[in-house]
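The next block holds one structure in the form of structure tokens; read it before the comments.
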Amino acid sequence: MSHPTVTVPIRQALKYAQDRAEKFGRTQQLEIGADLFIRIAPGGRKFLLFCLDDEPERGVAEVIAATLALKNPEYGWHQGQTLRSMTVIEEGAENVPESGPGEAEDGV
């Protein structure tokens, strides 16, 4: 028996992933287009936007940052071994530890 298909608005999916990143202190990844992916960092105040065959557009990153209610986001680029990704970090979040809620103060 197959389950019924449920359509979820992309804004709702992004906010859900952001909430999970904050609550569980773990990276959340979503496929948000045919060749567009987002990784929301633990804490929910930073994300990485990437494509497998191209580079993401800044305009898309700006819309996502607004959807996630990031304050004064800073945009940059990260060059990995195979992909060039756009980084978006909320002002002040660059120094926020990315540990989960269950970890001790020393990170262990």
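Annotation for Glu57: atom CD does not count as buried by contact number, only 12 or fewer foreign heavy atoms lying within 6.0 Å.
Every pair passing ring pair (Phe, Tyr, Trp, His ring centres under 6.0 Å) that includes a residue from residues 41-90 is listed here, sequence neighbours excluded: Phe37-Phe50.
For the residue pair Ile89 and Lys46, the shortest heavy atom distance occurs at CG2-CG, 3.9 Å. What you find for Leu70 and Gly44 is that their closest heavy atoms are CD2-O, 4.0 Å. The minimum heavy-atom distance linking Ala13 with Val8 is given by the pair N-CG1, 4.1 Å. Residues Ala41 and Ala21 share a closest heavy-atom pair of O-CB, 3.4 Å. Taking each heavy atom of Pro42 and Thr27 in turn, the nearest pair found is CD-OG1, 3.4 Å.
Listed for the Glu90 side chain is a donor-acceptor partner under 3.5 Å among the backbone atoms of Lys71. Using modelled atom types, no side-chain atom of Asp35 and backbone atom of Cys51 make a donor-acceptor pair closer than 3.5 Å.
The shortest side-chain heavy-atom distance between Ile64 and Ile38 falls under the 4.5 Å cut-off. Contact of the Arg45 side chain with the Gln18 side chain is registered, since non-hydrogen atoms from C-beta on lie closer than 4.5 Å. Between Glu22 and Arg20, every side-chain heavy-atom pair lies at or beyond the 4.5 Å cut-off. Residues Leu49 and Ile32 form a side-chain contact, since some pair of their non-hydrogen atoms from C-beta on lies under 4.5 Å apart. With contacts defined as side-chain heavy-atom distances shorter than 4.5 Å, the pair Met86/Val88 qualifies.
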Tell me, with the steps shown, if Leu14 and Leu68 meet side-chain contact (heavy atoms from CB on, under 4.5 Å).
CA-CA 7 Å; Leu14 287 167; Leu68 298 179; 4.0 Å; yes

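Looking only at atom types and distance, the side chain of Arg11 has a donor-acceptor partner in the side chain of Thr67 under 3.5 Å away.
Salt bridge Glu55/Arg84: present, at least one basic N to carboxylate O contact under 4.0 Å.
With rounding to the nearest 0.5 Å, the separation of OG in Ser85 from CD in Gln79 is 8.0 Å. A distance of 14.0 Å separates CD1 of Ile10 from OH of Tyr16, quoted to the nearest 0.5 Å.
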